[in-house]
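What follows is a set of notes on a single structure, which appears directly below.
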Amino acid sequence: MSPIDSPAVRRTTVWIPYLWLAVFALLPLILTLKISLAQMQLGVPPYTPLIGADEVGQKTWLGTLANYKLLAADSLYVSAYLNSVRIAAVSTLLALLLGYPMAYAIARAPQHWRVPLLMLVLLPFWTSFLIRVYAWVGLLRPTGLINSALLSMGFIDTPLRLINTEFAVYLGMVFCYLPYMLLPLYARLEKLDASLIEAALDLGATPVRAFWRITLPLSLPGIYAGCLLVFVPAVGEFVIPELLGGADVLMIGKVLWSEFFSNRDWPVSSAVASVLLVILVVPLLALQFYKTERAP
Amino acid sequence: MSRFPLFAMAVLGLGLVFLYVPTLLVIATSFNESRLAGVWTGFSLRWYGELLNDRQFLNATANSLIVAGLSATAATALGTCAGLVLARHGRFRGRVLFLGLLATPLVLPEVIIGLSMLLVFVAAEQTLGWPAGRGIGTIVVAHATLAMTYIAYIVQARLTGLSRECEEAASDLGASPLRVLTAITLPMIAPAMGAGWLLAFVLSLDDLVIASFTSGPQSTTLPMVIFSAVRLGVSPKINALASVLVVMSAVCLGLAAWLQARRGGKVLPE
């Protein structure tokens with residue numbers, strides 16, 4: 001037994017983070033579910049209690065599914081959810097198509113190049129998300145750099161409509177979430193035994209066939225993990241559709257934001273968040289599965 | 001065999017251009033004297049000068065630095081404990097729940113984290129009277145929860161790479177468990193903790209969504225100022241502001257990489 005496994009130290013190191021997470025990670029989600037059953041009211045807090053008492057002190061249940069009925073009945077919410085899932089799925093696919101060759105190139109680069117290359121790819125992930133989205137606003141808007149350049153070179157007469165399109169949202173998503181895709185792919189491809197591919201080639205397989213039959217199947221867990229890591233945050237993304245998608249691109253993160261900040265309807269916001277959470281439960285559990293499978 | 005890597009190398013090159021050029025262009029245009037992005041009229045520090053006279057910007061910078069410093073410190077304490085749990089404790093009751101809860105802030109969409117955190121603060125205010133209103137304190141708590149996960153993974157990676165011989169030797173020589181922890185284990189993982197602190201600082205400095213939900217009227221942070229300015233349109237002043245934020249992040253990351261690389265650790269959790 002290692003000394004820091006002693007009961008006293010062990011108890012402290014477990015209980016402090018455990019309690020913190022219970023209060024600030026688990027309780028928030030439970031409260032969101034709870035308040036999604038309440039109704040909006042003026043006052044502090046801006047939602048009705050779930051249990052009330054009548055004149056004789058009898059407790060009554062005031063919770064209601066009205067918010068969920070609203071979400072199901074209003075096509076705005078339904079299409080926002082469907083749109084979010086579709087845009088996130090397309091973004092994930094695009095990130096995979098760009099990320100796979102990049103991860104492969106890093107994994108096959110000479111040993112002493114790999115870590116610097118990986119750092120180079122991951123560094124943008126740690127520089128401000130908001131600034132990276134803003135950078136694309138500056139490039140894509142009608143008076144932005146791309147349009148100015150094309151106009152001055154005479155390729156176009158009127159500025160292209162680049163910003164406030166779904167195209168701009170895809171660009172932003174891939175740009176911002178690419179590192180999430182690269183990391184698990186690289187981890188998988190780097191461990192791949194090169195002698196397997198050599199053996200396939202010696203036995204007469206073409207390079208393309210060797211890739212399809214050996215490299216790709218062996219990197220599948222990395223593909224799954226990378227796709228889930230991009231898909232889950234992309235479904236609920238707010239900043240990218242807000243700044244690059246404009247009014248035309250409807251996503252659920254924007255809906256939640258405006259329910260909360262413009263309509264100040266906390267119960268409906270909570271219901272929107274709860275449904276989103278339910279949509280994400282399956283991908284989240286799958287992610288946990290691939291992570292634990294990968295762990296030593 | 002050689003054709004595919006060549007193609008992959010080309011994509012890697014293009015991908016890196018794609019990842020870096022937009023941000024670098026923002027920094028370049030922040031030095032442009034002209035108000036128009038497409039026209040270069042000369043090198044100028046004019047927009048940086050305007051920032052220094054902008055009271056709203058200075059307030060927001062001060063708020064952001066305070067929030068980032070406090071939340072990074074809290075996250076380092078919490079994350080180090082969690083990292084010790086991940087690396088040194090075998091199985092214990094509730095381990096699966098612990099792992100799951102630790103991973104939630106990392107994977108859930110930010111709008112859900114922001115809204116649900118806010119609901120906890122409001123409920124706590126209703127029942128306990130604390131926190132009285134929202135502001136710096138509530139953003140610090142939210143950011144600390146977000147960042148402790150990253151630090152836990154970094155500390156865990158460090159601990160699993162270290163042999164237990166020193167800890168065991170100290171114990172055999174009669175050191176109490178607490179003394180082993182403070183005299184041996186913590187100094188050995190100090191570089192990882194330092195790197196984690198810097199990453200937590202950067203995370204907090206950059207966050208818009210969670211800060212917007214959990215902030216109060218007096219606690220506007222730098223990303224919130226940038227966001228409301230961007231909604232009104234692109235301006236050279238935002239370019240300068242963005243460049244300041246990028247450089248601050250890059251310095252922290254450089255330091256973090258240096259701390260981690262000194263003993264062959266890894267900067268980023270896998």
Side-chain angles (χ1 to χ4, degrees), chain A residues 2-6 8-10 13-14 16-18 20-21 24-29 31-32 35 45 98 101-102 104-105 108 120 122 124 126-132 134-139 144-145 148 187 201 207 211 232-233 236 238-239 243 253 256-257 260 269 273 276-277 284 287, chain B residues 1 3-5 7-9 11-12 15-16 19 22-23 25-26 37-38 78 81-82 84-85 88-89 98 101-102 104-105 107 109 111-112 115-117 119-120 122-123 126 141 145 164 167-168 171 177-178 180-181 185 202 206 208-209 223 226-227 230 234 242 245-246 249-250 253 268 270:
Chain A
S2 164
I4 67 163
D5 288 343
S6 83
V9 175
R10 189 181 168 125
T13 50
V14 173
I16 293 173
Y18 216 140
W20 185 279
L21 287 170
F24 295 113
L26 184 60
L27 186 61
L29 299 179
L31 273 177
T32 308
I35 289 161
L98 180 62
M102 288 177 78
Y104 189 89
R108 288 286 162 274
L120 206 58
L122 296 181
W126 287 99
T127 49
S128 178
F129 189 87
L130 181 61
I131 300 305
R132 282 182 291 150
Y134 166 72
W136 281 104
V137 176
L139 282 175
L145 280 174
S148 310
L201 295 176
F211 173 78
V232 172
F238 164 73
V239 176
L243 293 182
L256 196 157
W257 185 278
F260 183 83
S269 315
L276 182 56
L277 205 55
L284 281 173
L287 183 64
Chain B
M1 188 62 201
R3 277 223 313 266
F4 182 66
F7 165 72
M9 290 289 174
V11 176
L12 177 63
L16 285 173
L19 284 176
T23 315
L25 280 174
V26 169
L78 291 162
C81 286
L84 283 166
V85 172
R88 288 293 197 251
H89 295 20
F98 185 79
L101 287 180
L102 195 60
T104 23
V107 288
V111 282
I112 297 186
L115 175 69
S116 63
M117 282 270 182
L119 296 178
V120 165
V122 171
Q126 294 298 309
V141 170
T145 312
R164 297 189 177 195
E167 290 168 3
E168 274 155 15
S171 183
L178 188 66
V180 173
L181 183 70
T185 314
V202 173
D206 286 344
L208 165 74
V209 174
I226 297 177
F227 182 67
V230 173
V234 173
L245 207 53
V246 169
S249 301
L253 290 173
L268 295 157
E270 277 183 25

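The chains referred to below are lettered A, B, ... by the order of the sequence lines, with proteins before strands, and numbering in each begins at 1.
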What part of Leu16(B) is in contact with chain A, defined as an atom under 4.5 angstrom from a non-hydrogen atom: side chain, backbone, both or neither?
both
In Å, rounded to the nearest 0.5 Å, how long is the span from CZ of Phe129(A) to CG of Leu208(B)?
9.5 Å
Restricting to non-hydrogen atoms, name the atom on Leu115(B) and the atom on Ala273(A) that form the minimum distance, rounded to 0.1 Å.
CD2-CB, 3.9 Å
For the CG atom of Leu12(B) and the CG atom of Leu120(A), what is their distance to the nearest 0.5 Å?
8.5 Å
Rounded to the nearest 0.5 angstrom, the CD1-CG distance for Ile112(B) and Leu276(A) is 4.0 Å
Please state whether the side chain, the backbone, both or neither of Val14(A) comes within less than 4.5 Å of a heavy atom of chain B.
both
Does any heavy atom of chain A fall under 4.5 Å from the side chain of Val26(B), the backbone, both, or neither of them?
side chain
Given that the side chain runs from C-beta out, which part of Leu101(B) has a heavy atom under 4.5 Å from chain A: side chain, backbone, both or neither?
both
Rounded to the nearest 0.5 Å, what separation is found between the CG atom of Leu102(B) and the CG atom of Leu21(A)?
5.5 Å
Check each atom of Ser116(B) against the heavy atoms of chain A and say whether the ones under 4.5 Å are side chain, backbone, both or neither.
both
Assert top hit (heavy-atom pairs under 4.5 Å, partner chain B, pool Phe238(A), Trp136(A), Phe24(A)) equals Phe24(A)
Would you call Leu27(A) and Leu119(B) a side-chain contact if the rule is heavy atoms closer than 4.5 Å?
no
Specify the closest pair of heavy atoms between Val107(B) and Val232(A), including all atoms of both residues, with the distance to one decimal.
O-CG1, 3.2 Å
Can you tell which part of Val11(B) gets under 4.5 Å to a heavy atom of chain A, answering side chain, backbone, both or neither?
both
Okay, Thr104(B) and chain A: the region with an atom under 4.5 Å from a heavy atom over there is side chain
Heavy-atom proximity to chain B below 4.5 Å, by part of Leu26(A)
both
Between Pro109(B) and Gly236(A), the two heavy atoms sitting closest are CB-CA, 3.8 Å
Inter-residue atom distance Ile226(B).CD1 - Leu130(A).CG, 0.5 Å rounding:
5.5 Å
Is there a side-chain contact between Leu31(A) and Val122(B), using heavy atoms and a 4.5 Å cut-off?
no
Looking only at non-hydrogen atoms, find the nearest pair between Pro17(A) and Leu78(B) and report the distance.
CB-O, 4.1 Å
Quick check on Leu139(A) against chain B: is it the side chain, the backbone, both or neither that has a heavy atom closer than 4.5 Å?
side chain
Could you give the distance from CZ (Arg132(A)) to CG (Asp206(B)), rounded to the nearest 0.5 Å?
8.5 Å
Worked verdict on Leu243(A) versus Phe227(B) for side-chain contact (heavy atoms from CB on, under 4.5 Å)
CA-CA 9 Å; Leu243(A) 293 182; Phe227(B) 182 67; 3.8 Å; yes
Search all heavy atoms of Met117(B) against all heavy atoms of Pro28(A) and return the closest pair with its distance.
N-CB, 4.0 Å
